[in-house]
Number of protein chains: 2
Amino acid sequence: MVDKEEYRARIIRTASRIFSHYGFRKTTMDEISRALKKGKSSIYYYFPGKEEIFEAVVLYEANQLRRRLTAAIKEVDSPPDKLRNYIYVRMREFAKLSNYYNAVFDKNLDHYEFIEKIRARYDREELAIIRLLVYVGNNRGTFAVEDSEYTAMAIQTMLKGMEVPLFWRRRETDINYRLEAILTLIFNGIMKKQ
Amino acid sequence: MVDKEEYRARIIRTASRIFSHYGFRKTTMDEISRALKKGKSSIYYYFPGKEEIFEAVVLYEANQLRRRLTAAIKEVDSPPDKLRNYIYVRMREFAKLSNYYNAVFDKNLDHYEFIEKIRARYDREELAIIRLLVYVGNNRGTFAVEDSEYTAMAIQTMLKGMEVPLFWRRRETDINYRLEAILTLIFNGIMKKQ
DNA sequence: GAATATCCGACCCGTTTGTTCCATCACGTT
DNA sequence: AACGTGATGGAACAAACGGGTCGGATATTC
């Protein structure tokens, strides 16, 4: 049925909201079903169990993240703006994902390899994006780097480095300050001295 | 002992953080004790039970709210600025309290009357503050209203009206727009036409 | 009206959780 | 050393919870 897939999607969206707030363990099936205004057992018609819903949610969020990031790049034109936009959106969206990290590190380590697989794939894609941005900026004469590949890897490393304090719930201002610092560092180190 | 009260305060601060994130029901004693790096049963040396901790937390938050609001008023001088500041801070702080509302409306209606008592007291105090602000602004010639008392009540009603959609998780921009709308409405209706 | 898709109330049962009990520790006083 | 006292936490427990199952009800389609 066409409706069945549509309803699965609706479950995913709803569950995503609740999971992101309470984490995997603290979110109950009853809660999800109540949010959907359906009986608890009805959900089992669409999903085998709680874990499968969670995996579908993570997959859904990953796709959404990808979409937002590509949109952020297309939004502006110049390479520095693209990079800046990308980093900002990445940070903002990752902050929302902190709950998933909490959920994962909660206690149930069962999903760990599943998460890791998604993460690895995302890392590969991100590196390609950054590399392209650097490469294009280089060609246009805005950037001036020797090796796009390794420069991209360096940038990605910095971004990853920002995730840890992000998840450790620093103050908003602290986050922004760090973000600006990273940005100016990246740009000052990358921009062609005119 | 002096330390005992101090430790009670520490428990309250820690529990406040966890309650505000997960709500009353989903916060466990074990979690609180782990955050305090103490044994679960040790907490019962300071509080009779979970509910009492929650009540102490709500009381603590209420006092903090009061302090922040009075500070917001003292921060600026002119009556319109005071009112604007008050409303902004009130909205921001109330948004943080939404978790308490969730906790209360969760299922356990036991605390309801306790919350209501605190709320009633806060309402009275707020009305007095607004009334004073209006009154002073009136005297200074910045405002021009007939009856400070009823004007204050009208303003308070508007503020209360904003709580509902606020807790219904609208978009940030929507909130700000509504807030600005309320502010301009209040000011345009209250400011002395020069 | 049979067949099928969708939904749900009631139940099962292992786990969680708030709370109690009691042994222990730290430590100042006698 | 012995003792009292403030403070701690491990163990145990009763009650509630929560994921999942099942049989049947209800809706939809043919």
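Below, all heavy atoms of this structure are taken into account, side chains as well, without hydrogens, waters or symmetry copies. From a predicted model like this one, the values you see are computed outputs, not experimental measurements.
Backbone-only engagement by A:Tyr46 is indicated by non-hydrogen atom pairs under 4.0 Å involving sugar-phosphate atoms exclusively. Among the heavy atoms of the strands, none lies under 4.0 Å from A:Ser33.
Of the side-chain N and O atoms in B:Tyr45, none sit less than 4.0 angstrom from OP1 or OP2 of D:dT8.
The cationic atom of A:Arg13 (NZ for Lys, CZ for Arg) does not lie both less than 6.0 Å from the six-membered ring centre of A:Tyr60 and within 45° of the ring axis. Judged by the 6.0 Å distance and 45° axis criteria, B:Arg90 is not positioned over the aromatic ring of B:Tyr86.
Taking 3.5 Å as the limit, the base of C:dG9 and the side chain of A:Ser41 contain a donor-acceptor pair of atoms between them.
When A:Tyr7, A:Tyr46, A:Tyr45 are each tested for a side-chain hydrogen bond (donor to acceptor under 3.5 Å, both in side chains) with A:Lys38, only one passes: A:Tyr7.
Distance, B:Lys37 NZ to D:dG10 C1': 20 Å, rounded to whole Å. Atoms CZ (B:Phe54) and P (C:dG18) sit 14 Å apart, rounded to a whole Å. Rounded to whole Å, atom C1' of D:dG6 lies 17 Å from atom CD1 of B:Ile43. Taking atom NZ of B:Lys50 as the reference point, atom C1' of C:dT19 lies 12 Å away to the nearest angstrom. Counting to the nearest Å, the P atom of D:dG10 and the CG atom of B:Asp30 are 11 Å from each other. As a whole-Å value, the separation of B:Ile32 CD1 from C:dT19 C1' is 13 Å. Residue A:Lys26 contributes atom NZ, which lies 20 Å from atom P of D:dA16 at whole-angstrom precision. Rounded to whole Å, atom C1' of C:dC8 lies 15 Å from atom CZ of A:Arg34.
Counting only heavy atoms from C-beta on, B:Ser42 has its side chain closest to D:dG9 among D:dG18, D:dG19, D:dG9. When the nucleotides D:dT8, D:dC17, D:dG20 are ranked by their closest atom to the side chain of A:Met29, D:dG20 comes out on top. For B:Lys40, the listed nucleotide lying nearest its side chain is D:dA12; candidates were D:dG18, C:dC8, D:dA12. Of the candidates D:dG19, C:dG18, C:dC7, the closest approach to any side-chain atom of A:Tyr44 belongs to D:dG19.
Residues B:Leu183 and B:Tyr88 have side chains in contact (heavy-atom distance under 4.5 Å, counting atoms from C-beta outward).
Without hydrogens or angle criteria, A:Lys160 side chain to A:Ile155 main chain gives no donor-acceptor distance under 3.5 Å.
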